[in-house]
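Throughout, protein chains are lettered first and strands after them, A, B, ... in sequence-line order, and every chain is numbered starting at 1. In what follows, every heavy atom counts, from backbone to side chain, and hydrogens, waters and symmetry copies are set aside.
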Amino acid sequence: MAENNKFEVENLDLFYGEFQALKSITMDIEANKVTAFIGPSGCGKSTFLRTLNRMNDLIDTVRIDGEIKLDGQDIYKKDVDVTDLRRRVGMVFQKPNPFPMSIYDNVVYGPRAQGIKDKKKLDEIAESSLRAAALWDEVKDKLNKSGLALSGGQQQRLCIARTIAMKPEIILMDEPTSALDPIATLKVEQLMEELKKEYTIVIVTHSMQQAARISDTTAFFLMGELIEMGDTNDIFSNPKKQQTEDYITGRFG
Amino acid sequence: MSRKTKDLLMKALIMFSTIFTVGVLVIIIGYIFIQGMGHLSFDFIFGSAETGGIWPMIVSTMYIVGISLAISVPVGIMAAIYLTEYAKQTKFVSLIRLATQSLAGIPSIIFGLFGLALFVRAFGLNVSILSAGFTLAIMNLPVIIRATEEALKSVPQSYREGSLGLGATKIQTIWKVVLPSALPGILTAVILAIGRIVGESAPVLLTAGVLKDLPTSVFDGGRTLTVHLYLLAQEAISPEDFQIAFATATVLIIIVLVINLIARFVSAKLDKTKA
Amino acid sequence: MQSANHKRKNIIEWFWKNLFLLMATVSIISVVTIGFFVISNGVKPFFGPSSDTTIVYLEKFKATDQVRLDGELLTDFKEAFPLTDGEHTLVYNTPQGEETINITIDSQNEDPAQTAVFSDEPESSKLDDSVKYTSILDIKGETPVGNRKVSVVVPEPAYSVTDFLFGSEWKPTALKLYGILPMILGTLGVTIGALILGVPIGILTGVYIAELAPKRVAQFLRPAVELLAGIPSVVFGFFGLMVIVPLIQQIFGLASGTSMLAAIIILGVMILPTVISMTETSLRAVPNYYREGSLALGATKIQTIFSVTIRAARSGILTGVVLGFGRAVGETMAVILVAGNSPQVPDSILSSVRTLTSTVALEMSYASGRHSEMLYAIGIVLFIFIVLLNLAIMRLNKKAGDH
Amino acid sequence: MKKVIGIATMCVLAMSLSACGSSNDGKDRVMISGSSSVNVLMEELEPVFEAKYENIDLKISASGSSDGIKAAKEGTVNFGMSSRSLTPEEKSGVDESIIAMDGIGVIVNANNPVTDLTIEQIAKIYTGEVTNWSELGGADLPIAVVARESASGTRGAFEEILGIKDQMTTDAKEFNGTGGVKSEVSQNPNAIGYISLGSIDETIKALKVEGIEASEANIQNDSYAIARPFILIYEENSLTQSSQTFLEWVLGPEGQAVVAEEFVSVENTAE
């Protein structure tokens, strides 16, 4: 096991009741790198992303075989503390979903849930997280305003801020900019350039340009299988598998 | 009959029905207000039964509302939380849903029978405000459960995923995110439930009795506003009795009006938070 | 190995989940308890006699009268004494000498009057068997208040369900007749009448609010309908008694206006909100392309409503009608105030009528023994009415789900 | 904003619950329920009694004799009030004391010409054999038969004396309580009804029965046909101190003096 691997996945299968959504996925995700998952819609890339922080547990009919190890520990073992796992593996969703609370309460929600009560400490976390999410200057004097009153781009960065507030090791991003306009998308992508210095980032995107721009490694999914994975430039300049080449050159999907 | 006249006829029938409905509402409330408004006064509202006042009845009604809400609201909300946040599609859950639906369908007189047999006799609480409070708590349960379920379902799933994604536990997610945003819906239901409890008469007659005196404790019997109106309607002789009856009916309608307004105000607030 | 913090979180999760589960089962526990109480009390009269032994009660006798029943001296007269079938002799002293009374008990006898027969009783006595299964021998005493009484009460035999459901006489106090046909017909007459009045008006009003009313008017009508739904039933009953009943009395020149018609009018108005709101919500749920399809074919707005939209919302509207029926069956106090409450088979819409629910409300507070059990039996009949309604609603909802 | 609504819920609940504070004013309560006819007497006895015994509070509710009898048997009240004699089943296990004698006045509308009826005629009216006032020397108008509800002791005694138990015509209109019958008869010109003698006033007219005027004197001398006892029902061994005081006071000279004003007192029947 290379020492800088964050996730090691061994032939992972996932079933929604009878339907098999993921077929024997095996891959490693390196620390402090941006890994992008690309592929046509319905290929299972988002489903796979949600297995990494056990978000699929919310769905009763999901069944999982195979192994996912985070820093060498299998995350689906019986005695794993799911809440601790989700603290270490933060997630940003496709549609920005700030809580119907003030901006301040949104950002410090996670730390408060972990039991941090000291107001001064929470103020610090709030400021540092909002600065890290490049949102501090725009909201610093209206922290008590409702999070829902912000623009789409600001709301997504607020969600990133509250994820950062948990001091995660990994940030999963499920098509974070698909619901945003180009300007807001650019802002979020610049933010990710900063974030990857401190965090391992795994991003699902259906835009190949975005993958090419920001990711170090890219994995191509099709019909629930991992077709090919490798250095982003290799994948986009000379893909090994015919299916990857067809997808990249836009023949289908 | 040409198509045109058929259309006109149907339109006329539709207009007649709507006017009839609104007309009935206006006539009933108008007639009772005209007859009863004059008699409304400070010592009518706060006077004792002997002086023709209805204060003891107002206190009995408030006691019963208080007791039944204090029981049915917490139980109902927690039951609804289970049904929306935890329940899987098992046989047992469908049994719970069936029980809740049939509880809502049971006529109020059967609750009276049940309250009499269980609380008044079996538990030995005698004919009292407590017996009526418990009986109406059970009657009110399905209303609270159904409304709370609707309010919880209207909370977007993305809030739950957002909270869980930040490492919050399920119960923290419910207390901190789901319930607060469902609260206006629940509050509207609780307020409307008050109107329903105030309006009940058959079960209250059997479990709380007809005592006109001011109840000194929840173990005393007590006559509610509706039971008072029911008995007055049958025993009124002098014009003065009829005035008291009309004034009592007016008070009941005012209570229902105020409750509907508050509920409307709170649900309007609900839309603001959704913006 | 779980960290202490993790264990603590799990315990908290476990606690809350099971607390919520317990609360959710409260509705099951309530329905089962209600069912148990109503059914356990309600079936008793059909499965056994009303009490296990015949009793005799001696009134105004004193210990000094040396009262002997079958040779056994009696001193305390507060309690009743059990009597087996067969011959019994009662002997007591009076200033004029010793008096003996023979009582023959035949508790299984078909004719209630023969179940307890007094023989060679004192001339000054009079037999009162106006109350079935109860024979009271009045023995003239010195002062009108001092008459002695020997009362024998024989257990009433099990009552037949067919007599209960189809008997046309409800005379619980003296004749011990418990036929509820008059009340079943009363309930059906009143509720079906209310549907005939309330459903058409309700549906058409619902159509107006959902389809035709301009936005501002609809915004006024909805709260008005909610308010109509909120008015307590007693207020409807009171209004009926003060306005509808005198009107009927004048128009039809009746001795009293309280009648089935008055109940129909009041209940018809009371179910309006249920029918209106169900009609409106199910019409609004019909997707627009149904309407556009019909309008595109040149149909008028009214034709579209009646031939397309209403058909699409049919099961929702029918559920509203069934709910309205349920509410009308369950209504009690408003009906008592305006229906006249005579337990008779109604021969016209103007006759005074009594419903199942009113019977329970009127008599429960004073009924005892078999009479009160019979009121629980009426509760069972109402329970069955409601279960049938719920099944109908479920079938309707399932059908709604199909298209 | 969330806090505003949170607080609103709390005070809605608190407001209703606060009314539950029990402020028992230290008085010992005597619970009495039952016949509305006896209640008329009770409403006269209550002020006189409570003036004498400040620490006792009589809580009286009128809903019908059978209610009172049942409540006394079940122990939910200290005294049941009945305006008819008890049936055998009701008697077992309880004690009773007659506190007054009262007649039942057969009443008609104030301007109804009929003034005197026989027991048999009254019975025929109530069983539905006679349906028009002209058959009794009145105007040609339908008779509106008015009766008390089934729980009423007055009805029980009335039907027992006329021998028409459970044979009342179904056209009769039942009313809850003395007030209901009196209000119907006073407003409906065709109505005939019956109420306790003590409740008769100028709003209605009492008929002579078998030529005998309905008056306390005619009950005292046992000439008026339709009379019945006012009874208090209780359990001797579980009587509270204040209930005992109340019973002795009512049967004593002071109580009977109040009884004698409207009803017929019973000095010597207290065993």
Side-chain angles (χ1 to χ4, degrees), chain A residues 17 49-50 52-61 81-101 105-115 129 145-150 155-156 158-168 171-174 179, chain B residues 77 80-97 148-188 266-275:
Chain A
L49 187 79
R50 289 166 68 97
L52 298 178
N53 70 342
R54 290 184 57 175
M55 261 315 197
N56 286 328
D57 293 6
L58 300 183
I59 306 155
D60 315 340
T61 54
D81 175 358
V82 177
T83 56
D84 188 48
L85 168 72
R86 289 185 184 135
R87 190 190 56 74
R88 293 169 58 198
V89 183
M91 186 167 209
V92 177
F93 298 85
Q94 180 178 359
K95 194 170 131 339
N97 61 354
F99 301 135
M101 310 174 189
D105 291 338
N106 261 286
V107 181
V108 296
Y109 179 86
R112 265 202 192 126
Q114 293 302 317
S129 312
K145 281 276 177 308
S146 156
L148 299 172
L150 298 173
Q155 284 188 14
Q156 193 65 312
L158 176 61
C159 292
I160 293 171
R162 73 179 182 195
T163 309
I164 292 172
M166 294 303 298
K167 304 224 170 346
I171 300 181
L172 309 178
M173 295 193 168
D174 186 356
Chain B
I77 289 179
I81 289 176
Y82 179 77
L83 290 173
T84 39
E85 304 296 325
Y86 288 87
K88 307 226 175 349
Q89 280 315 330
T90 60
K91 252 259 96 336
F92 182 61
V93 168
S94 47
L95 197 63
I96 295 179
R97 287 205 193 288
T148 310
E149 256 194 284
E150 252 159 62
L152 290 173
K153 283 206 180 85
S154 70
V155 173
Q157 184 64 7
S158 62
Y159 287 177
R160 295 182 181 81
E161 287 189 350
S163 167
L164 292 171
L166 289 166
T169 63
K170 190 167 180 68
I171 193 59
Q172 282 173 323
T173 306
I174 292 173
W175 285 133
K176 290 211 167 65
V177 172
V178 179
L179 258 183
S181 51
L183 201 59
I186 297 171
L187 192 58
T188 319
V266 166
S267 60
K269 264 243 184 282
L270 170 75
D271 300 341
K272 246 195 232 80
T273 57
K274 267 236 174 45

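Taking CD of B/Q157 as the reference point, atom CG of A/L58 lies at 6.5 Å (rounded to 0.5 Å). Rounding to the nearest 0.5 Å places NZ of B/K176 at 8.5 Å from CE of A/M101. The distance from the CZ atom of A/R86 to the OG atom of B/S163 is 9.5 Å, given to the nearest 0.5 Å.
More than 12 heavy-atom neighbours from other residues, nucleotides or ligands sit within 6.0 angstrom of NZ on B/K153.
Listed in order of number, the residues of residues 82-91 of chain B that approach chain A to under 4.5 Å between heavy atoms are B/K88. Close approach to chain A, defined as a heavy atom under 4.5 Å from one of its heavy atoms, is seen in B/L164, B/G165, B/L166, B/G167, B/A168, B/T169, B/Q172 of residues 164-172 of chain B, taken by number.
Of the atoms belonging to A/R162, heavy atoms from both backbone and side chain fall under 4.5 Å from chain B. Looking at A/P98, the atoms closer than 4.5 Å to chain B (heavy atoms on both sides) all sit in the backbone: N, CA, C or O.
Residues B/V177 and A/Y109 approach most closely at CG2-OH, 3.3 Å, considering heavy atoms.
Counting heavy atoms from C-beta on, the side chains of A/P100 and B/Y159 come closer than 4.5 Å.
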